Amino acid sequence: MHNLIYLTDLAGSDMDPYVRLNETQLFHSLEPNPGLFIAESPKVIERALRAGYHPASLLVEKKNLSRDLADLDHEMAANQTKGLGNTPIYVANGELLRQLKGYNLLRGALAAMYRVQRLSVVDFLKTMPVDHPRIAVLENVVNPTNVGAIFRSAAALSIDGVIVTSDSADPLYRRSTRVSMGTVFEVPWTYVDAKVWAAEGIKLLHQCGYQTAAMALRHNTIDIDDPQLDKTEKLAIILGSEGPGLRAQTIEQSDFTIKIPMTAGVDSLNVAAASALAFWELGNRKHH
């Protein structure tokens, strides 16, 4: 039995997460506990449920209600996840939901979901595979589309985990999760405070046994297919901001500075495209 609540308007406070709260407000909405995020589309919601996230509520289009609930119930049963139970499921017609910005992209369903507490960097690295771990670090990657695309590449190309600086776009922003096709729920990741990263991030990685490879255009770079990178037991691939790139201090403190060989006259790629090439070459696909 589902807790179905039929709507005639979107004015109630229960609709605030879907209608009136922006990403930052959702992030801070339950302080001191982790806040909320919005998962868009049945596929993204299913992957979030599979990963153990719990919904605070759902908002479903009436014409898709039976299909979406059947899919979600099947997903939760298949993964032995607690059912929807008394979770409020708000049901509205398409005309009402089309008042939501971008609803035509959502394929009928949204969910307000509880965030989880993230591990510290040191504790996070302890969860990585013992053999040949490969992780990515996103330093001030501010575009949610790029963050989502990087996670999708990380999932596809055997990157074991991702560390995201707090001045980057949040992986659970709506655009990030949508672009990633829900893979932000499949790849292990955590945050690091941007000030902590700037002060001691590389040192923390070194203390945990990782060598660091900064993706940057410098005179002393090596190509991403350099054999010494493959021989490195624990490797962290560091990707920087879309405009200025990595901080000079990050590059200087890294063990390697790496580049993607390109045709003369083209000096760089979008960070998401660069990540896919780097993960293809440096990820664990060759070791699986």
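As the structure is a prediction and not an experimental result, all values here were calculated from the model.
Without hydrogens or angle criteria, Gln211 side chain to Phe256 main chain gives no donor-acceptor distance under 3.5 Å. A donor-acceptor distance shorter than 3.5 angstrom exists from the side chain of Ser176 to the backbone of Pro144, with no hydrogens or angles considered. Looking at Thr232, its side chain never comes within 3.5 Å of a backbone N or O of Lys234 through a donor-acceptor pair. Of the possible polar contacts, one joining the Ser120 side chain to the Asp123 backbone as a donor-acceptor pair under 3.5 Å is found. Between the side chain of Arg134 and the main chain of Ser158, no donor-acceptor pair closer than 3.5 Å is present. For the pair Glu139 (side chain) and Thr165 (backbone), a donor-acceptor distance under 3.5 Å is absent. Checking side-chain atoms of Asn22 against main-chain N and O of Gln25 turns up a donor-acceptor pair under 3.5 Å. In this structure, Tyr18 contributes its side chain and Ala112 its backbone to a donor-acceptor pair below 3.5 Å. A donor-acceptor contact shorter than 3.5 Å is absent between the side chain of Ser166 and the backbone of Asp193. A donor-acceptor pair under 3.5 Å is formed between the side chain of Thr212 and the backbone N or O of Asp255.
Closest approach of Val179 and Gly148 over heavy atoms only: CG1-C, 3.9 Å. Residues Val164 and Ala169 come closest through the heavy atom pair CG1-O, 4.1 Å. Considering all non-hydrogen atoms of both residues, Leu229 and Ala213 come closest at CD2-CB, 4.4 Å. Contact record, Ala136 with Phe279: CB-CZ, 3.7 Å, taken as the closest heavy-atom pair. Nearest heavy-atom pair, Phe185 versus Ala51, reported as atom, atom and distance to 0.1 Å: O-CB, 3.2 Å. Between Ser168 and Asn140, the closest heavy-atom pair is OG-N, 3.0 Å.
Side-chain contact between Leu205 and Val137 is present, with heavy atoms from C-beta onward closer than 4.5 Å. Considering only heavy atoms from C-beta on, Ile5 comes within 4.5 Å of Asn3 through its side chain. In this structure, Leu26 and Pro17 have side chains that are in contact, with non-hydrogen atoms separated by less than 4.5 Å. Two residues are said to be in side-chain contact when any heavy atoms from C-beta on lie closer than 4.5 Å; Ile238 and Ile202 meet this criterion. Taking the side chain as every heavy atom from C-beta outward, Leu204 and Trp197 never approach each other to under 4.5 Å. For the pair Lys126/Leu119, no side-chain contact is recorded, criterion being any heavy-atom separation below 4.5 Å from C-beta on. Considering only heavy atoms from C-beta on, Val60 stays 4.5 Å or farther from Lys62 through its side chain. For the pair Tyr90 and Leu110, the minimum side-chain heavy-atom distance is 4.5 Å or more.
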task: For the pair Arg47 and Thr183, evaluate side chain to side chain contact (heavy atoms under 4.5 Å, CB included) and give the outcome as yes or no after the intermediate values.
output: CA-CA 8 Å; Arg47 287 186 169 173; Thr183 55; 3.8 Å; yes
- request: Could you give me the CA-CA distance, side-chain angles and deciding distance for Glu233 and His132, then say whether side chain to side chain contact (heavy atoms under 4.5 Å, CB included) is met?
  value: CA-CA 5 Å; Glu233 178 57 31; His132 212 74; 4.1 Å; yes
- prompt: Yes or no on side chain to side chain contact (heavy atoms under 4.5 Å, CB included) for Tyr210 and Met128, after CA distance, side-chain angles and deciding distance?
  reply: CA-CA 11 Å; Tyr210 282 80; Met128 292 295 98; 3.5 Å; yes
Candidate pair Tyr6 and Leu65, rule side chain to side chain contact (heavy atoms under 4.5 Å, CB included), full reasoning: CA-CA 11 Å; Tyr6 289 85; Leu65 179 63; 3.8 Å; yes
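Here the CD-CG distance, from Glu281 to Asp225, works out to 5.0 Å after rounding to the nearest 0.5 Å. Here the CD1-CG distance, from Ile258 to Leu235, works out to 7.0 Å after rounding to the nearest 0.5 Å. For the atom pair CD (Glu186) and CZ (Arg152), the distance works out to 10.5 Å, reported to the nearest 0.5 Å. Atom CG of Asp16 is separated from atom OG of Ser29 by 10.5 Å, given to the nearest 0.5 angstrom. Distance CE/Met215 to CG/Leu277: 7.5 Å, rounded to 0.5 Å. Asn146 contributes atom CG, which lies 4.5 Å from atom CG of Asn270 (distance to the nearest 0.5 angstrom).
At a threshold of 4.5 Å between side-chain heavy atoms, the hydrophobic network of Ile, Leu, Val, Met, Phe, Trp and Tyr places Val142 and Val184 in two separate groups. Cluster annotation: Val162 and Tyr173 are assigned to distinct hydrophobic clusters (Ile/Leu/Val/Met/Phe/Trp/Tyr, side-chain heavy-atom contacts under 4.5 Å, transitive).
Crowding of Arg115 atom CZ: a count of heavy atoms from other residues, nucleotides or ligands under 6.0 Å exceeding 12. Within 6.0 Å of atom CD in Glu31, more than 12 heavy atoms from other residues, nucleotides or ligands are found, so the atom counts as buried in its surroundings.
With 3.5 Å as the limit, one finds a donor-acceptor pair spanning the side chains of Gln228 and Asp226.
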